[in-house]
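A short write-up of the structure that comes next.
Atoms within each ligand, like the ligands themselves, are counted from 1 in listed order. Bear in mind that the values here come from a model prediction, so they are computed numbers and not experimental data. Just so it is clear, the values below take in all heavy atoms, side chains as well, and ignore hydrogens, waters and symmetry mates.
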Amino acid sequence: MLTVAILAAGKGTRMASSQPKVLHELSGKTLLQRVLDSCSELKPDKIFILVGHKSNEVENSILKNKNIHFIVQNPQKGTGHAIQVLSHQVKENKGKLLVLNGDVPLIKSKTLKRLINFHDSKTADVSLISTRKKNPHGYGRVFAKDNLIERIVEEKDCNTDQILNELVNAGIYCFSWVSLSKIINNLKSNNKQKEIYLTDTISLLKKSYSLEVEDDGELQGINNRVQLSKCEETIQNILKEKHMMRGVTFINPASCTISEESIIGVDVIIEANTHIRGNSKISNNCKIGPNTFIKDTVVNENCEIINSTIFNSKIMDNVNIGPYSHIRPNCEISSYGKIGNFVEIKNSQLDEKVKINHLSYIGDSKIGKNSNIGAGTITANFDGKKKYVTNIGKNSSIGANTVLIAPINLGESVTTGAGSVITKDSQNNSLAIARSKQVNIENWKKNNTQD
Ligand code: UD1
Ligand code: CA
């Protein structure tokens, strides 16, 4: 039987944040969710999450699941105290207890499996993951002979020799739960921090083993925002390298971020300062960026998007967008569309080959195939209370600086005169023009104004 305990009750003072540490995010996912995801892959019988500081917020961040139980540790007197609270509330202590620090978010399930197998092979009382760090600052130092650990000394309790020890505790432990139960209540808080340390179980148990692992970033603990940004960098580097190996070119990878969920096709070129977030899909042969932000959006093949922002939309093949376009949620831009500079589009369907090249706002609209929307066209879709729809039929030409007062329906092949304010529907093949006639007054002299 395998039980997991995730320690997530601490405040995370060193984050200098009003938010609990485990709710800080890495590439859009909280630290706690990441730890949970990697241990869920082991299919444990039960998972306990130790919460305390802002416990409601931490609990609400996790989707309800009958396998996951929250245990409140209040006050928080240390990692060992957290496991004392757990063992008082959970009497059934069969099998193995895997304890994970909630602030070591990049731990891989593969490494957890290795620890469990190692633990079984040694029939250990406890096994933990250790690693060598050139700069071990902030970690508990592990003192071991071969694989057998004598004790762990927390940094603040180290003497001048101990502090130089490069073998550190990663904060991931596999206990024989029965062995642990026998000594858990013997932990004391006679240390610099006056906390009950889980690491003191090591010297209380007989068969304490260390599994030394080479750290490629997965064992990084997060105590402050510098470490948070290092983990973000680790995730992003892995992701971008994966995409590069599968046929994506990054012109300046360091300036770009990609979400783990996003899919990118082959021969896609991602220019500098481009961010692809949420559930996005970029198909083959697209060129994206520089300076582009795309979230929850599907982009089909052969599109070029430059200096633009797109949310929750669908861009079909061979579309050009930008520079400086803003596509807001729920837009569909069909094949061979062209959206140019300073164009904002929201909740609108554009059929094939629609062009909106300059300085427009298009909201709640449907625009038919081949229509051209002239510079400065605005759909006035809001009367202060409600939003209304604009329909423009295919092959239409909307003149520059037209204002379309919605609700309004223009038929197919309609032309509007430049500068018109269109308030009435118009039929197929008509010209709609609504502006005052120009008057020319000849030999006009300005009135002499008095000083
Ligand atoms: C801990 C280990 C240290 C190890 C390091 C690895 C102890 C005493 N030290 O130190 O040996 O090298 O992790 O990253 O365990 N927490 C609770 N309840 C509490 C206190 C903490 O649930 O009362 C939780 C925190 O929310 C956090 C985790 O335990 O997720 C670790 O606590 P933290 O204070 O960050 O321990 P470290 O000083 O990093
Ligand atoms: Ca920590």
Ile49 versus Ile68: any side-chain heavy-atom pair under 4.5 Å?
->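 A side-chain contact under 4.5 Å exists here.
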Is there side-chain contact between Ile47 and Cys39, with heavy atoms separated by less than 4.5 Å?
->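 In contact.
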For [atom], the protein heavy atom that lies nearest, with its residue and separation:
| atom | value |
| --- | --- |
| atom 1 (C) of ligand 1 | Asn101 ND2, 3.7 Å |
| atom 11 (O) of ligand 1 | Glu154 OE2, 2.7 Å |
| atom 32 (O) of ligand 1 | Thr79 CG2, 3.9 Å |
| atom 25 (C) of ligand 1 | Gly10 N, 3.8 Å |
| atom 6 (C) of ligand 1 | Asn169 O, 3.5 Å |
| atom 34 (O) of ligand 1 | Arg14 NH2, 3.8 Å |
| atom 39 (O) of ligand 1 | Asn223 OD1, 3.5 Å |
| atom 22 (O) of ligand 1 | Ala9 N, 3.0 Å |

Atom 36 (O) of ligand 1: protein heavy atom closer than 4.0 Å?
->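 Under the 4.0 Å cut-off, atom 36 (O) of ligand 1 has no protein heavy-atom neighbours at all.
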[X] heavy atoms, cut-off 4.0 Å: which ligand 1 atoms fall inside?
| X | value |
| --- | --- |
| Lys77 | 23 (O) |
| Ala170 | 6 (C), 14 (O) |
| Gly140 | 3 (C), 4 (C), 11 (O), 12 (O) |
| Gly102 | 30 (O) |

Between [X] and ligand 1, is there a nitrogen or oxygen pair with a distance under 3.5 Å?
| X | value |
| --- | --- |
| Val22 | no |
| Thr199 | no |
| Gly78 | yes |
| Leu7 | yes |
| Gln73 | yes |

Ligand 1 versus Val168, non-hydrogen atoms closer than 4.0 Å: side chain, backbone, both, neither?
->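 Contact part for Val168 vs ligand 1: neither.
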For Lys314, does the NZ atom have more than 12 heavy-atom neighbours from other residues, nucleotides or ligands under 6.0 Å away?
->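 Incorrect, the count does not exceed 12.
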Step through the shown structure and confirm whether more than 12 heavy atoms of other residues, nucleotides or ligands are within 6.0 Å of CG on Asn159.
->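 Yes - once you tally the heavy atoms of other residues, nucleotides and ligands closer than 6.0 Å, there are more than 12.
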Is a side-chain N or O of Ser189 found less than 3.5 angstrom from the main chain of Glu195, in a donor-acceptor match?
->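 Such a contact is absent between Ser189 side chain and Glu195 backbone.
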Relative to the Ca ion (ligand 2), which of the N, O or S atoms in Asp103 is the closest?
->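 That would be atom OD2.
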Run the numbers on Glu41 and Lys43 for salt bridge (Lys or Arg N to Asp or Glu O under 4.0 Å), then give the verdict.
-> CA-CA 5 Å; Glu41 277 190 42; Lys43 307 227 171 345; over 6 Å; no
Measure the CD1-CD1 distance between Ile251 and Ile288 for me, rounded to the nearest 0.5 Å.
->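 Reported value, rounded in 0.5 Å steps: 12.5 Å.
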Decide, yes or no, whether a salt bridge links [X] with [Y] under the criterion of side-chain N to carboxylate O below 4.0 Å.
| X | Y | value |
| --- | --- | --- |
| Asp215 | Lys133 | yes |
| Lys94 | Glu92 | yes |
| Lys108 | Asp216 | yes |
| Asp200 | Arg151 | no |
| Asp296 | Arg277 | no |

Please state whether the separation between the Ca ion (ligand 2) and some N/O/S atom of Asn101 is under 3.0 Å?
->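 No, since none of the N, O or S atoms of Asn101 sits under 3.0 Å from the Ca ion (ligand 2).
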Has Lys21 got any heavy atom lying under 4.0 angstrom from an atom of ligand 1?
->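 It does; at least one heavy atom falls under 4.0 Å.
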With Lys295 as the cation and Phe311 as the aromatic partner, state whether NZ or CZ is under 6.0 Å from the six-membered ring centre and within 45° of the axis.
->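 No, cation not above the ring by the 6.0 Å, 45° rule.
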